[in-house]
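What follows is a single structure, written as structure tokens, with notes after it.
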Amino acid sequence: PNRAQFMDDLSDLSRDAPPGEKRMLVLVDFATVEQLDETVRVMGSAYLDALLREGARKITDAIGPGRKLYHVAATQMALLSNPHVEPDAY
């Protein structure tokens, strides 16, 4: 899922979640803009794409089935925690 789906799901969650339910947003930034530019310049965009796919696969494997990992920016992925998870769990 992409950024638009993330925004839709977040809106739905804010409307439908029980009062007092707490969640965390986890944002994973794989690279800075400078690192992104340098990687593409030296290794090419195909290398960067493969690197991002591998990172996303590893995160998806770690969070388990039924959870969404959103691709929200060029090198950023986001996920929402399950309800009432402690920050130390991440």
Side-chain angles (χ1 to χ4, degrees):
N2 62 18
R3 181 183 211 154
Q5 183 65 56
F6 172 72
M7 297 304 292
D8 288 345
D9 289 354
L10 191 58
S11 177
D12 291 346
L13 185 62
S14 69
R15 182 190 65 234
D16 299 338
E21 181 177 275
K22 295 181 181 180
R23 292 184 184 242
M24 290 184 300
L25 168 64
V26 179
L27 180 65
V28 179
D29 195 354
F30 286 103
T32 65
V33 173
E34 293 80 16
Q35 291 168 326
L36 171 68
D37 290 344
E38 187 70 11
T39 299
V40 170
R41 186 182 68 75
V42 174
M43 304 295 287
S45 61
Y47 176 81
L48 180 63
D49 291 342
L51 190 66
L52 292 172
R53 278 194 305 276
E54 179 65 15
R57 186 191 63 75
K58 287 183 177 190
I59 294 170
T60 301
D61 289 349
I63 63 176
R67 303 276 307 279
K68 290 182 182 177
L69 180 65
Y70 301 90
H71 191 177
V72 295
T75 61
Q76 293 179 336
M77 305 284 177
L79 63 107
L80 292 167
S81 73
N82 288 324
H84 307 294
V85 172
E86 292 298 319
D88 291 343
Y90 284 85

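- No more than 12 heavy atoms of other residues, nucleotides or ligands sit less than 6.0 Å from atom CZ of Arg3.
- Put simply, CG on Leu79 and CD1 on Ile63 are 5.0 Å apart, with the number rounded to the nearest 0.5 Å.
- In this structure, the side chains of Gln5 and Tyr70 come closer than 4.5 Å at one or more pairs of heavy atoms.
- The shortest side-chain heavy-atom distance between Leu80 and Lys68 does not fall under the 4.5 Å cut-off.
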Trace of the side-chain contact (heavy atoms from CB on, under 4.5 Å) decision for Phe30 with Leu52: CA-CA 8 Å; Phe30 286 103; Leu52 292 172; 3.7 Å; yes
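- Here the side chain of His71 pairs a donor or acceptor atom with the backbone of Ala73 at under 3.5 angstrom.
- One finds the CG atom of Asp16 at 8.5 Å from the OG atom of Ser11 (value rounded to the nearest 0.5 Å).
- One finds no salt bridge joining Asp61 and Lys58 here, because no Lys/Arg side-chain nitrogen approaches an Asp/Glu carboxylate oxygen to under 4.0 Å.
- In terms of heavy-atom proximity, Pro1 sits nearest to Leu69 at CD-O, 3.5 Å.
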Going by atom type alone, with no hydrogens or angles, which donor-acceptor pairs under 3.5 Å involve a side-chain atom of residues 17-28 and a protein atom two or more places apart or on another chain?
{"unit_1": "Glu21", "atom_1": "OE2", "unit_2": "Arg23", "atom_2": "NE", "d": "3.1"}
{"unit_1": "Arg23", "atom_1": "NH1", "unit_2": "Ser81", "atom_2": "O", "d": "3.0"}

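- Within the 4.5 Å cutoff, side-chain heavy atoms of Tyr47 are placed close to those of Thr39.
- Nearest heavy atoms, Ala78 versus Phe6: CB-CE1, 4.5 Å.
- The CD atom of Glu54 sits 13.5 Å away from the CG atom of Asp49 when rounded to the nearest 0.5 Å.
- Using a 4.5 Å heavy-atom cutoff, the side chains of Leu48 and Met43 are not in contact.
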Take Val72 and Asn2 through the test side-chain contact (heavy atoms from CB on, under 4.5 Å) and record every step on the way to the result. CA-CA 6 Å; Val72 295; Asn2 62 18; over 6 Å; no
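- In plain terms, the two heavy atoms of Thr75 and Ala31 that are nearest each other are OG1-O, 3.0 Å.
- One hydrophobic cluster, built from ILVMFWY side chains closer than 4.5 Å, holds both Ile59 and Val85.
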